[in-house]
S.K.: 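First the structure, then my questions, so here it is.
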2 protein chains.
Amino acid sequence: MGHQVTIKDIAKQLNVSVATVSRALRDLPDIHPDTKKLVLDLAKEWDYQPNLLATSLVKSKTKTLGIIVPDLGYYFFSTVIKHIEEAAIKAGYSLLITQTQESYERELTNIQNLSRGQVDGIIISLSRETSNFEHLTRLQRRGIPLVFFDRNCEDIQASKVMVDNEQSAYEAVKHLIENGCKRIAFLAGPKNVSVSNQRRLGYIHALEEAGLSVDPSLILHSDYYQDTARSQTHLLMQSDNRPDGILVVSDRLAIGVLTALKELKIRVPEDVKMVSFNNEPICQVISPTITSVSQPLDEIGRISVELLLAQIEQKTGESIPKVEVLKTNLVVRESSTKRN
Amino acid sequence: MGHQVTIKDIAKQLNVSVATVSRALRDLPDIHPDTKKLVLDLAKEWDYQPNLLATSLVKSKTKTLGIIVPDLGYYFFSTVIKHIEEAAIKAGYSLLITQTQESYERELTNIQNLSRGQVDGIIISLSRETSNFEHLTRLQRRGIPLVFFDRNCEDIQASKVMVDNEQSAYEAVKHLIENGCKRIAFLAGPKNVSVSNQRRLGYIHALEEAGLSVDPSLILHSDYYQDTARSQTHLLMQSDNRPDGILVVSDRLAIGVLTALKELKIRVPEDVKMVSFNNEPICQVISPTITSVSQPLDEIGRISVELLLAQIEQKTGESIPKVEVLKTNLVVRESSTKRN
DNA sequence: GTGAAAGCGCTAACAG
DNA sequence: CTGTTAGCGCTTTCAC
């Protein structure tokens, strides 16, 4: 072959100017029906495909949204992306999806790449390692629209789509208390992730409201590995004053907890009750089924796009960063309720 | 702000030509150290970012690989992509990830988009719906490098990375037979997916070799929904001559099968034994743990990139399409073996 | 209706 | 060492 067919090739063949071809292809007015037909037919015959890079370059917009998530392997992220994509397509945009694998370095290079003219705006959920936010403020200074979802940076003024983590943790713990738990542990995620901190607040709030003491030794930080949760549970359960309820920051970790409890022959929910977050499909197939906080993944995706497009397509000078806080929903299953 | 800083802005400010700036930025020889320093300093100060579209346009290569998969929500695909990304980054390439949601239409538009100059080549796993392959041959005619993995098209000459589906199904069924199964059903996936057909061959091969009859009523095609597997299992188990072993085309469907069996109070593995494909993490946390065929996801990813880059970066005229067939590994767990 | 020309941001000869 | 020129493929005035 050699090279792709261009507008120029068609123009030459038809003895017209490239401008004319361009007009025909884009269905603009002011073109003779015959010329147009000629162009379209040849374009079809030659399987002409417009070069998006060229178009984007001259229009200085790409009709593409950049997505940065920690890990596509997480149900949460792949599902949100599915809904982001749906909304984007509907609005005539494509997606450029990247992942950081929870690495700050990778986040840096991804941001940089995307900000080199590849996308009109970026939707991001921060890596676990990220505690320096200069790369993000730099983006904003350069005028590149940015929307956070889930894992955000509290200090940055930007559009954000969050769930009410504090409230959902509060409700989860309250649920445990109502089911008889007196001593509730919290397996939190990594320490510097905003989501964990917000949930801790809700956890504490519920305990205090019920007149239960907050025991710092019952709050354990960790990574996102199942095995860490497993060993932490072992430790937790070997103390003399062991918990009768556990709030776990994610379903993944919850499975680590269940594994440990099974090893220790501690029954769930009879001896210990558990609630976790995300409501992944696995919650309903594992035994015992897991009570989990369900997040509105469709809305998170849809609204992220909405807020980003609002910035991108703003006709009117400024756009105020808008923060959406969505409600969650506790899905009660076996792991937290008495067997009947 | 208005617009991004360009090479021209820097040139103007420093009273040099854009060529000089370009040289300095790209660390080319033939440039005075002082000029270079001047340029680099200003570029840093102004947070200059090269426009990738412009570079790609002039070089007519993007250093980006397009990825098309049916669904990022599948463990198989998100994990393969993780390894594709690793290999790509190592080779200096970025990824443009898209998904079809198993829709032929979406595959069409994704292919088209990517082929409009956005990527140097494409790695694809076909959608379930795809039975017309013109969009792919058209790609090839236009000289755009293409590599298939997992779900491929047998009739197209192209580089492919596959696993030995026939052999792995053969081994899986043989394993069931060795564990006492006499009447083995096969929950295959969608009918027109190459993977399913290959596995069916292996299934039949193992039965015939053991002198067991092949009963067509034991081979059930379906979609990829857990619930379909569940209802199919109900049907299967209500026949008078029900199976004592089931080969399931994916772990997802296997969970549907387990659900149905639990509802029917049929014990696994005592009454029925089961083997499935993919070896997702869930296999080891569900009860009973699932015997499953593990695929070399890292190699699939790595080799896909390798074969694609071989085509992209070929110096020497032609490149022969290369088909890699990788070995799988049966991971034996509770669902297929006698309890002790 | 159509064409010529300029330009998006950058690279790549080719002079000097 | 540095500048000039042309051009990647396309859109967009502005003439005619």
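Naming convention: chains lettered A, B, ... in sequence-line order (proteins, then strands); numbering from 1 in each chain.
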S.K.: Just how far, in rounded Å, is P of C/dC8 from CG of B/Asp9?
M.R.: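 Nearest whole value for this atom pair: 10 Å.
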S.K.: Think A/Ser17 has a side-chain N or O under 4.0 angstrom from the OP1 or OP2 of C/dT2?
M.R.: no
S.K.: By nearest atom, which of the nucleotides C/dG3, C/dG9, C/dA13 is closest to the B/Arg23 side chain?
M.R.: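 It is C/dA13.
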S.K.: Rounded to whole angstroms, how far apart are CG on A/Leu25 and P on D/dT12?
M.R.: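 From A/Leu25 CG to D/dT12 P: 13 Å.
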S.K.: Is there a side-chain contact between A/Lys36 and the phosphate of C/dG1, meaning an N or O under 4.0 Å from OP1 or OP2?
M.R.: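 The answer is no; no side-chain N or O of A/Lys36 sits under 4.0 Å from OP1 or OP2.
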S.K.: Can you tell me if the side-chain N/O atoms of B/Arg26 get under 4.0 Å from OP1 or OP2 in C/dA12?
M.R.: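 Yes, such a contact exists.
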S.K.: Take the protein atom CG of B/Asp27 and the nucleotide atom C1' of C/dC10, then report the distance between them rounded to whole Å.
M.R.: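 Value for this atom pair: 17 Å.
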S.K.: What pair of heavy atoms forms the shortest contact from B/Arg116 to A/Pro50, and how long is it?
M.R.: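 Heavy atoms of B/Arg116 and A/Pro50 come nearest at CG-O, 2.8 Å.
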S.K.: Cut-off 3.5 Å, side chains only: do A/Ser17 and A/Thr20 have a donor facing an acceptor?
M.R.: yes
S.K.: Rounded to the nearest angstrom, tell me the gap between atom CG in B/Leu28 and atom C1' in D/dG3.
M.R.: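 Rounding to the nearest Å, CG of B/Leu28 and C1' of D/dG3 are 15 Å apart.
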S.K.: Scan B/Asn15 against the nucleic acid and name what it touches under 4.0 Å (heavy atoms): base, sugar-phosphate only, or nothing.
M.R.: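 It contacts sugar-phosphate atoms only.
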S.K.: Does the pair B/Arg106/B/Glu129 count as a salt bridge with the N-to-O cut at 4.0 Å?
M.R.: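 Answer for the salt bridge query: no.
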S.K.: Is the NZ atom of B/Lys63 crowded by more than 12 outside heavy atoms at less than 6.0 Å?
M.R.: yes
S.K.: Determine the sole option in B/Leu308, B/Thr98, B/Val147, B/Leu146 for which the side chain to side chain contact (heavy atoms under 4.5 Å, CB included) test with B/Ile122 is passed.
M.R.: B/Leu146
S.K.: To the nearest Å, give me how far apart CG (B/Leu14) and C1' (D/dG3) are.
M.R.: 15 Å
S.K.: Choosing from C/dC8, C/dG1, C/dT11, which nucleotide comes nearest the side chain of A/His32?
M.R.: C/dG1
S.K.: Picking from B/Glu154, B/Lys160, B/Met162, what satisfies side chain to side chain contact (heavy atoms under 4.5 Å, CB included) with B/Phe148?
M.R.: B/Lys160
S.K.: Please list residues of residues 42-61 of chain B whose heavy atoms come under 4.0 Å from any atom in DNA chain D, ordered by number; otherwise none.
M.R.: B/Leu57, B/Val58
S.K.: In whole angstrom, give the distance that lies between atom CG of A/Asp30 and atom P of D/dC16.
M.R.: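 Rounded to whole Å, this separation is 17 Å.
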S.K.: Just how far, in rounded Å, is P of C/dG3 from CD1 of A/Ile7?
M.R.: 12 Å
S.K.: Starting at CD1 of A/Ile31 and ending at C1' of C/dG3, how long is that distance when rounded to a whole Å?
M.R.: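 One finds 12 Å between C1' of C/dG3 and CD1 of A/Ile31, rounded.
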S.K.: Looking at B/Thr35, I'd like to know whether one of its side-chain N or O atoms comes within less than 4.0 Å of OP1 or OP2 on D/dT2.
M.R.: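 Affirmative; the distance criterion is met.
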S.K.: Measuring only between side-chain heavy atoms, which start at C-beta, is B/His83 closer than 4.5 Å to B/Arg302?
M.R.: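 The answer is no, as the side chains (C-beta and beyond) never meet within the 4.5 Å cut-off.
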